Amino acid sequence: MAAFCRSALVLRHFLPRITADAAKSTRAFTPKLFSTSTKAAFSQFARTRSAGAPSITTSVFERAESTAEDVKSSAKPKSSSFPKTSHKSVAYWLLGSAASVYGIVIFGGLTRLTESGYVGQH
Amino acid sequence: MNQADWDSEFAKYRASPEFVRLNSRMSLDEFKKIYWMEWTHRLWGRVIGVTFLVPTIYFIAKRRVASHMAWKISGICGLIGFQGMIGWWMVKSGLKDDLFDPRSNPPRVSQYRLAAHLGIAFLAYSAMIVTGLSILREHALLKDPKAALSLIEKISLPHMRRFRLAATIVTGLIFTTAMSGALVAGLDAGMIYNEFPWMGLGLTPPKAELWNAHYSQKQDQSDLWWRNMLENPSLVQLDHRMLAMTTFTSIVALALWPRFSGPLKAIMPRKQMKSVNAVVHMATLQVVLGISTLIYMVPTWLGAAHQAGALALLTTAVVLGSRFRVPPRTVQLIQSALKRQQQRVSSVTPASLKHSTGSVQQVVR
């Protein structure tokens, strides 16, 4: 699950490259949409950044954060930059998920109280 | 699942320490019931994982979220994944071979992992509530930038800041009390001292029982205090009681403060006051649930209600805190929205005023 989320984060940074005008970009970069190796993808990412790019040892989030700012500030068509305010549907989905988590917490408590938690191990 | 599958699962369960020690008389029907509970819980967890992960990817890909929000929802994704792993780890801890040792306590899920599992669940829940509400709040504030700025001015006053700090401390207290409750649940420490406010002959059990050398695992007993705090049911229950009473008193004080303090009473808006009332009402209900659970020796439905009450109380506290906070990013958006609104109002004729409000909303989107 954690690896899947990491891949999702990687995926996010590839998407702006696909919609942006390649001629405007100063980076020669071939997006690998379905790359399963996030490590390889990130090192390729680091190589193609402009001079003064942080080394591999710097935090992944620092690099990703500055790239996100590049995406916003450089001349890109509106569809590939993040809005200033999130959509309301995101809020409703979050609150709905919270309600679901509330339910599973109760159910988990019941699982514990009925001593059901020991089932299903091999 | 056909009969052969059920027989094989039941056979595996019969080999577990749990069955051998506690449930040796269980029938297949009873086994089916508890199997269903565990299976549903895991399935629900996976459903939550998928229904959170897929929309996260969608919202980020389709640029429906602000970039800072993209990070937040990805973080919650990670939290959910971590929760699944703790759940797996938890069940595993109930089957360690040394639990067959007749000298040890009855086989239980380690109370530490139970507390970790509950803690992460509460954190993920709180994160979802706070981020969801922050988006709705931003939209509501941007609709009327002038009123928004006056509200922001109000909640930045020194008395309000102090109140907000108190509300944050109360939220922390509620969370801590809930975690101590998880330790109580993990140790079945609700099955002793089923009375309130006394615990045995005094308000607390005797000191020797609370700081029991039996729980210390080091020769020099240097781990006596923390081992007892986390593994001695008597002390664990006492700690939960003390935390609960402290939290309740703090919440009542927090609720009385804007009623009796002149300066705060004058500036507390109605919406925020309603939120304070929600916290104190929920806290009262939770105390009633807790004491009832104890004196009736933890019937299943009461135990579950007490846990539900804990999360509901945390919700009211978190919502209260969010009503006193407007992040600088949002303040900036409000200020630029107000500027645009004022520019449009000053540069248009009365006839085209209708259009100006329309374009402010367009900008907001």
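Only a predicted model underlies this, so the values are computations on that prediction, with no experimental measurement involved. Order of the sequence lines fixes the chain letters, A, B, ..., with proteins taken first and strands second; residue numbering starts at 1 for each chain.
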Item to check | Polar side chain donor-acceptor pair, A:Trp93 to B:Thr51, under 3.5 angstrom | outcome: no
Side chain, backbone, both or neither: which part of [X] has a heavy atom under 4.5 Å from chain A?
X	result
B:Val298	side chain
B:Phe52	both
B:Leu311	both
B:Thr40	both
B:Ala305	neither

Under 3.5 Å, side chain of [X] to main-chain N/O of [Y], donor-acceptor pair present?
X	Y	result
A:Tyr102	B:Ala308	yes
B:His117	B:Ile86	no
B:Ser336	B:Gln332	yes

Checklist entry - Taking every heavy-atom pair that is under 4.5 Å apart, which of A:Val101, A:Ile104, A:Thr111 has the most such pairs with chain B? => result A:Ile104
Checklist entry - Out of B:Trp301, B:Phe59, B:Trp36, which one racks up the most heavy-atom pairs below 4.5 Å with chain A? => result B:Phe59
Checklist outcome for this item: Ranked by heavy-atom pairs below 4.5 Å to chain A, first place among B:Gly303, B:Gly45, B:Ala304, B:Pro55 goes to B:Pro55
Item to check | Separation between NZ of A:Lys84 and NE2 of B:His68, rounded to the nearest 0.5 Å | outcome: 10.5 Å
Acceptor/donor pairs from residues 121-137 of chain B side chains to any protein atom, 3.5 angstrom cut, sequence neighbours excluded:
unit_1	atom_1	unit_2	atom_2	d
B:Tyr125	OH	B:Thr315	OG1	2.8
B:Ser126	OG	B:Phe122	O	2.7
B:Thr131	OG1	B:Ala127	O	2.7
B:Thr131	OG1	B:Met128	O	3.2
B:Ser134	OG	B:Thr131	O	2.7
B:Arg137	NH1	B:Ser322	O	2.8
B:Arg137	NH1	B:Arg325	O	2.8

